[in-house]
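All values below come from the heavy atoms of this structure, side chains included, with hydrogens, waters and symmetry mates left out.
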Amino acid sequence: MIKTISLTKIFHAEDLETIALNQINFQVRKGEFVAIMGPSGCGKTTLLNILGMLDNPTQGDYFFNHEKVSGYNETQRTRLRKEKIGFIFQNYNLLEELTVFENIELPLVYAGFSGKRRRARVLSILDNLGMTYRKDHFPSQLSGGQQQKVSIARAISTDPLLILADEPTGNLDSANGEEVMDLLTHLNETGTTIVMVTHSRRDADYSNRIVNLFDGRIASDKIGFISGS
């Protein structure tokens, strides 16, 4: 599903050049759950942003679902993001002025779903997550764990091929963090490919494979059980 060839990202600020990613060769197969680890500043978030088509590499190639997407313009990247990728963030990134229902519905609006289909899809997801009773609440009325569950619900609303998770339990206590990781594991077991950035070895152990970055390079790539093919 994902393949990068000599992927490199260089940032320039005045006279300073920072190589955030350096010749990354990386593949993720359909059905994998991959955790990306490493110290702060090693390039984890930069890699996730490129995989999510929020940014383009400076050099190298990126193939998504057999489509060469490195070099795509913003319109082309936006189309693929809407259709194929769901995002889960450490800070939830919910819109405070929208209800739980409306936050989950928003990607479906952008994707052009009819009102009837949107309602059915959102209610089905809320029911599966045990959150139907919260559908008319606003994010400020929810706990951190509940907000992250809504974030996950929003991420899966369009049934994406890939979920990208950036420190999904970073703002949660251990009990809520475990619940979120159990949800991600269930999504993976039902066929969703997941790439997760994390500092937590406990969270990484939920994955099939752990990739360690150091100074913009892959330092190790430990492959375990792969649920898909």
Between the side chains of [X] and [Y], is a donor N or O closer than 3.5 angstrom to an acceptor N or O?
X      : Y      : result
Thr99  : Asp136 : no
Thr169 : Asp203 : yes
Asn171 : Asn91  : yes
Ser6   : Gln23  : yes

Are any of the side-chain nitrogens in Glu105 or Arg121 under 4.0 Å away from the carboxylate oxygens of its partner?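 Arg121 and Glu105: not salt-bridged.
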
Ion pair check, Glu67 and Arg79, cut-off under 4.0 Å: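 Counted as a salt bridge, because a side-chain N and a carboxylate O are separated by less than 4.0 Å.
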
Distance, nearest 0.5 Å, that separates [atom1] of [X] from [atom2] of [Y]:
X      : Y     : atom1 : atom2 : value
Ile104 : Leu98 : CD1   : CG    : 11.0 Å
Gln148 : Leu94 : CD    : CG    : 8.0 Å
Lys44  : Asn49 : NZ    : CG    : 12.0 Å
Thr45  : Leu54 : OG1   : CG    : 11.0 Å

Do Glu178 and Tyr206 have side chains that get closer than 4.5 Å, going by heavy atoms? yes

Got a sec: does the [atom1] of [X] have more than 12 other heavy atoms crowding it under 6.0 Å?
X      : atom1 : result
Tyr110 : OH    : no
His199 : NE2   : yes
His12  : NE2   : yes

Using the side chain to side chain donor-acceptor pair (under 3.5 Å) rule, pick out the option among Lys82, Arg81, Gln76 that qualifies with Thr78. Arg81

Specify the closest pair of heavy atoms between Leu51 and Leu164, including all atoms of both residues, with the distance to one decimal.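 Minimum heavy-atom separation between Leu51 and Leu164: C-CD1, 3.9 Å.
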
Do [X] and [Y] sit in the same hydrophobic cluster, where Ile, Leu, Val, Met, Phe, Trp and Tyr count as joined when their side-chain heavy atoms come under 4.5 Å apart?
X      : Y      : answer
Phe89  : Met181 : no
Ile2   : Ile85  : yes
Phe26  : Leu213 : yes
Ile152 : Phe87  : no
Leu80  : Leu7   : yes

Check: Gly31 main-chain N/O paired with Thr193 side-chain donor or acceptor under 3.5 Å: yes

